[in-house]
Amino acid sequence: MAKNLVIVESPAKAKTIEKILGKDFEVISCFGHIRDLEKDDMGIDINNNFKPKYIIPDDKEKVVKDLKKLAKSTDEVWLATDEDREGEAISWHLCEVLGLDPEITKRIVFHEITKPAIEKAVQQPRLLNMNLVNAQQARRILDRIVGFELSPVLWRKMSMRNHLSAGRVQSVAVRLIVEREREINGFTAVSSFKVEAFFIAKDLNGKNITFKAEGPTRFKTAEDAEKFLQQCVGAAYAVKDIQVKPGKKSPAAPFTTSTLQQEASRKLGYSVSKTMLLAQKLYESGKITYMRTDSVNLSDTALADIQKAITTNYGARYHQHRKFKNKNESAQEAHEAIRPTYMENASIDDSDSRKLYELIWKRTIASQMSDAELEKTIAKIDISTNHEELTASGEVLKFDGFLKVYMEGRDDEDESEEDEQDGSLPPLALKQVLDLKEMKATERFTRPAPRYTEASLVKKLEELGIGRPSTYAPTITTIQKRNYVEKRDKEGVKRDFRILVLKSDKLTKVTESENTGAEKSKLFPTDLGMIVTDFLSQYFGNVMDYGFTAKIEEEFDEVAHGKKIWNKMLNEFYTPFHKDVENTLENAERVKGERQLGTEESTGKPIVARMGRYGPMVQIGKAEDEEKPRFAKLKATQSIETITLEEAMELFKLPRNLGKFEDEDVTVNIGRFGPYAAHDKKFYSLKKEMDPYTVELDEIAPLIVEKRTAKDERTIKVFEKEKIQILKGPYGPYIKQGLRNYKIPKEKIDTAADITVEEAKAIIEDVKANPPKKKAPPRKKKAE
DNA sequence: CAGTGAGCGAGCTTCCGCTTGACTT
């Protein structure tokens, strides 16, 4: 047994550190937090100065048991959890649980897993910082209060009330998406005319090439643009001025969790959870450093390693030492930036994670490479018939620098409308006369801000200081699981635009069309998300404010610096917050999100769109009317906020009766699992390309026949009387009786077709007697 | 698998931030 026990958070880290520290040290992982607030009564004694009640969660009991055993049989325990608020708290919980004295237990910290950093840390142990621990407790308790007081308000006040939730992070994330959607819905595109002239000139080899020059202004109307082009009839064009300016581009900082998620989304099309899953794999196999980090820092050993790789691969001229500073104030920088552990591996074998690894490798390398050097040329071109001038600009790369390896991607949000890459210009001389090929005035439209992708939402949250590297991916999963937000594509719509062309002194007009507004894999708010957001914003404006987290983070910092008492700070938050909760429970009406659409022509009955118990719907007539109201579910892409009366009426065309097949009616409707046809008490899902509003009987009939034969193929054997079937499933053959399925024992799988009634019955009895183990055991009620 | 939609109200749900495994009726 080693003399010293070092406890870290991550097992992969434990392995590496143990190698560095040698045989006197055993390094073990506690797998993150080992205690959490109890769930009953929120786990907080609010009337007793917010005294927390901590328990060891079921899935941590084994870890804690092992830690206790090791701690007992060792001379000294060292706490080496991460150097941030959470890490400090984990160390304190370890003291409490393992019976260590926080006044003497050695606490060590390092920001990088390198031999010098760790050896240095061991030589300079400190003690637990209780102020920092208290800041963490305040953070934890505040989040619990917000979550566990707001969620029940939703259960009481929403018409759909199962599994709803609210929280400091998730509710603001949903709000961002809701507000962006409304911004887009309320946006009106304005058009203007952009003038481009195409000239011909000789390049260095004497070959004619075409280059582009832009007009002086954008014209608001087609008339103004036409007037300008008319003025250019018969004009001569000459170069009036040439300016050449040097320029440069610098590489981006190495990856943090958030920038990795953004780039993997832009360049590889990965969801944030896919990125994190692959990064975890790379980390566990020792290929990259820790993947949940907000730091852009690189260790000295890494810097030396990177310099070597650059010099070997590209030459010394391509290396430039850089130190990046974090732009983000909320960063806690407990780790390094995300980088390969060994720069000599430019790629790896694993096919799943190779692309992500190469992205990390390139980004890391590029971050220590020279600037790219450019030469920007701007030429002004005179028009003889008026006083206006045209501008041609070109950019030539003089030295590629970091661009040899890597260029950061962009979100459409950052792009201005004219974002075409400037090409190179032919050599031009002052007063040179130019041949005009043609001049065009093209109608262009302003665009609303794009909807968020998962990754651009993470970027926004990070800017607001909301959430942490370990929670970005789970938060995005949560708001989708709660059905506040959904990820989907949107088809664009066709739009005409006008072009005026001046060629050989003749003006012509053409109209072309383009597809606009198409989006792929974007986040859309659901009706539920909008209604919940509106409700929370109305009654809990403070928590829903985009600056709320930043504000309380400042207070947590004050606690961490000993300038504020943690429970006093909590009390200042809680008193008004809880008053809002009580007031809302007492006074707020149940929310239906109702919107009037108009009246039904034939009867004069009101038509509304609203939230029902099973989702958004439209309703004709009122509940208190003599005749029952009619209901119809909204389609997946429709929303209460934007549906029109015409679209609503269309929904009432279902169910449709298509006529008879084999003497039974065939009806078509949309159910819980999408469009289906019903025939002879059986159901058939419609194929994706079939539209339930227009589909015909002769398209449904093959569906019915097809399902019958598929069922025959799936069936191995049937015992009619006992209602037992032996069927072929995706995991192999199984037995079905009534609605329940039973697993066939391994030794009989291959001869499933030979199973007799008696054998099948025996298997069923056997499974019933020894039910298969469930994934998660049912929650234990305390026996005390 | 594929009805529903009012109101009453059993008993249920819920947060954020640290960390990884378990698992195919």
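Just the heavy atoms: all of them, side chains too, but no hydrogens, waters or symmetry mates, feed the values below. Reminder, nothing fancy here: chain letters follow the sequence lines and each chain counts from 1. Fair warning: this is a prediction, and the values are worked out from it, not measured in the lab.
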Please tell me which of the listed nucleotides, [options], lies nearest to the side chain of [X]?
{"X": "A/Arg482", "options": "B/dT20, B/dT14, B/dG17", "value": "B/dT14"}
{"X": "A/Ser685", "options": "B/dA2, B/dC15, B/dA6", "value": "B/dA2"}
{"X": "A/Lys628", "options": "B/dT14, B/dT19, B/dG5", "value": "B/dG5"}
{"X": "A/His163", "options": "B/dC16, B/dT13, B/dT19", "value": "B/dT13"}
{"X": "A/Lys60", "options": "B/dT19, B/dC16, B/dT14", "value": "B/dT19"}
{"X": "A/Met617", "options": "B/dG5, B/dC18, B/dC16", "value": "B/dG5"}
{"X": "A/Glu284", "options": "B/dG21, B/dG5, B/dC15", "value": "B/dG21"}
{"X": "A/Trp155", "options": "B/dT13, B/dT20, B/dC15", "value": "B/dT13"}

Thinking salt bridges, do A/Glu600 and A/Arg630 make one under a 4.0 Å N-O criterion?
yes

Just call it for [X]: base, sugar-phosphate, or nothing, with non-hydrogen atoms closer than 4.0 Å on any strand.
{"X": "A/Asp59", "result": "nothing"}
{"X": "A/Gly43", "result": "nothing"}
{"X": "A/Ala166", "result": "sugar-phosphate"}
{"X": "A/Arg35", "result": "nothing"}
{"X": "A/Arg168", "result": "sugar-phosphate"}
{"X": "A/Gly167", "result": "sugar-phosphate"}
{"X": "A/Gln170", "result": "sugar-phosphate"}
{"X": "A/Ser165", "result": "sugar-phosphate"}
{"X": "A/Gln136", "result": "nothing"}

Heavy-atom closest contact ([X] atom, [Y] atom, distance):
{"X": "A/Ile338", "Y": "A/Met291", "answer": "CD1-O, 3.5 Å"}
{"X": "A/Ser639", "Y": "A/Leu634", "answer": "C-CD2, 3.7 Å"}
{"X": "A/Leu79", "Y": "A/Cys95", "answer": "CD1-SG, 3.6 Å"}

Within this structure, what is the OH-to-C1' distance between A/Tyr290 and B/dC18, rounded to whole angstrom?
7 Å

Evaluate whether atom NZ of A/Lys460 has more than 12 neighbouring non-hydrogen atoms of other residues, nucleotides or ligands under 6.0 angstrom away.
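12 or below, so no.
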
Can you name the residues that form a side chain to side chain donor-acceptor pair (under 3.5 Å) with A/Ser353, not counting sequence neighbours?
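Side chain to side chain donor-acceptor pair (under 3.5 Å) list for A/Ser353, sorted by chain: A/Asp350.
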
Passing option when A/Leu37 is tested against A/Gln137, A/Met42, A/Arg144 for side-chain contact (heavy atoms from CB on, under 4.5 Å)
A/Arg144

Can you tell which of A/Ile7, A/Thr16, A/Val8 makes a side-chain contact (heavy atoms from CB on, under 4.5 Å) with A/Val27?
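The single option meeting the side-chain contact (heavy atoms from CB on, under 4.5 Å) with A/Val27 is A/Val8.
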
Which is more 5' along DNA chain B, the nucleotide nearest A/Ser171 or the one nearest A/Gly612? Just name the residue.
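Whichever sits nearer the 5' end wins; that is A/Gly612.
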
Comparing nearest nucleotides in DNA chain B, the 5'-proximal residue of the pair A/Pro152, A/Pro11 is A/Pro152

Can you list everything that forms a ring pair (Phe, Tyr, Trp, His ring centres under 6.0 Å) with A/Phe661? Sequence neighbours excluded, please.
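So A/Phe661 forms a ring pair (Phe, Tyr, Trp, His ring centres under 6.0 Å) with A/His679.
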
Those residues that, when tested against A/His111, pass ring pair (Phe, Tyr, Trp, His ring centres under 6.0 Å) (two or more places apart)
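By the ring pair (Phe, Tyr, Trp, His ring centres under 6.0 Å) rule, A/His111 matches no residue at all.
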
Scan residues 140-147 of chain A against DNA chain B and write down, sorted by residue number, each residue with any heavy atom closer than 4.0 Å; if none is found, say none.
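A/Arg140, A/Asp143, A/Arg144, A/Gly147 - these, ordered by number, are the residues of the stretch whose heavy atoms sit under 4.0 Å from the strand.
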
Contact residues, residues 464-480 of chain A to DNA chain B [heavy atom, < 4.0 Å]
A/Gly467, A/Arg468, A/Ser470, A/Thr471, A/Thr478

Whenever both distances are under 3.5 Å in a Watson-Crick or G-U wobble pair, mark it; put DNA chain B into dot-bracket that way, with [ ] for crossing pairs and | when the partner is on another strand.
.........................

Could you check whether A/Tyr290 and A/Glu9, counting side-chain N and O atoms only, form a donor-acceptor pair closer than 3.5 Å?
no

With the six-membered base ring of B/dC18 as reference, does the ring of A/Phe31 sit under 5.5 Å away with planes under 30° apart?
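No; centroid distance or tilt outside limits.
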
